[in-house]
Amino acid sequence: MRNVKKALVVGLALLGSLVVGSTGAMARNPELALPERVEIKHKACQEMLRLGATYQVEGLFSKEFEAGQVCYTRTDLAVVLELLTEKLAEKVVKEGSAAVAKEDLLLLAELQDELRGEMLLARTRTFQQRRDDLGTRLTAITRNISLSGGLVGVLQGSIGNGPSDHADAVAGETWSSASRWGRTPSR
């Protein structure tokens, strides 16, 4: 029991050091250290705006944020940084590695390091959005499969009409079609 308590204390101490280490106080560049709520005047936001203007990436920030009417959270900035990084990566793929200055890549790396915990969430959100987009593109295909009877036939073959061997299981639609008419399926 005593060993369990020691392990629990050590685990909590490690977790605490990770949480403290991931805050903005440990930033390499103190000007880029980000609080929980950020205004457009912050150096990191100004750098992201500059990168967006330099590489023609539009729509990074909302109009309200650019006007100074609202603040962004660290997670919001991570989403903006993820979008900026993706656009710059597309530019490098199209135009070559010289299309983005090395200093700008280092700045991106510093910003990503500052927001490393939030970047995980942003990448997950970005991945989810891509997957959802892919799903909406595939909706018409899956609807056609369902209407053609491919999936419906398999389900009908499994209700009350058990296949007698593997060949019948593979030919589920043939089995279900034949059983509806009182015939045995041809093999």
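No side-chain heavy atom of Val93 sits less than 4.5 Å from a side-chain heavy atom of Glu90. Side-chain contact between Asn29 and Lys43 is absent, with no heavy atoms from C-beta onward closer than 4.5 Å. In this structure the side chain of Leu60 never reaches within 4.5 angstrom of the side chain of Leu49, judged on heavy atoms.
Within the model, atoms CZ of Arg116 and CG of Leu111 stand 12.5 Å from one another, a figure rounded to the nearest 0.5 Å. Distance check: Leu115 CG to Asp76 CG gives 10.5 Å after rounding to the nearest 0.5 Å. Interatomic distance, CD1 of Ile40 versus CD of Glu64, reported as 12.0 Å (0.5 Å rounding). Distance CD/Gln112 to CD/Glu110: 11.0 Å, rounded to 0.5 Å. With rounding to the nearest 0.5 angstrom, the CZ atom of Arg123 is 5.0 Å from the CD atom of Glu82. To the nearest 0.5 Å, atom CD of residue Glu36 and atom CZ of residue Arg74 are 6.0 Å apart.
Under the ring-ring contact (aromatic ring centres under 6.0 Å, His included) criterion, the residue pairs touching residues 66-92 are Phe61-Tyr72, Phe65-Tyr72, with sequence neighbours excluded.
Every residue meeting the side chain to side chain donor-acceptor pair (under 3.5 Å) condition with Arg50, not counting sequence neighbours, appears here in chain and number order: Glu47, Asp104.
Nearest heavy atom pair, residue Val38 against residue Cys45, reads CG1-SG, 3.4 Å.
With hydrophobic clusters built from ILVMFWY side chains whose heavy atoms lie under 4.5 angstrom apart, Leu105 shares a cluster with Val92.
No donor-acceptor pair under 3.5 Å is formed between the side chain of His42 and the backbone N or O of Leu32. Put simply, the side chain of Glu114 gets close to the backbone of Leu34: a donor and an acceptor are under 3.5 Å apart.
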**Item:** Residues Glu118, Leu81; criterion side-chain contact (heavy atoms from CB on, under 4.5 Å); working and verdict
**Value:** CA-CA 10 Å; Glu118 291 83 359; Leu81 188 58; over 6 Å; no
**Request:** Output, in order, the C-alpha distance, side-chain angles, deciding distance and verdict of side-chain contact (heavy atoms from CB on, under 4.5 Å) for Val70 and Glu39.
**Result:** CA-CA 7 Å; Val70 296; Glu39 294 180 354; over 6 Å; no
**Message:** side-chain contact (heavy atoms from CB on, under 4.5 Å) for Val57 and Leu51? Distances and angles first, verdict last.
**Reply:** CA-CA 8 Å; Val57 179; Leu51 290 173; over 6 Å; no
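The number of heavy-atom neighbours closer than 6.0 Å to NZ of Lys91, taken from other residues, nucleotides and ligands shown, is above 12.
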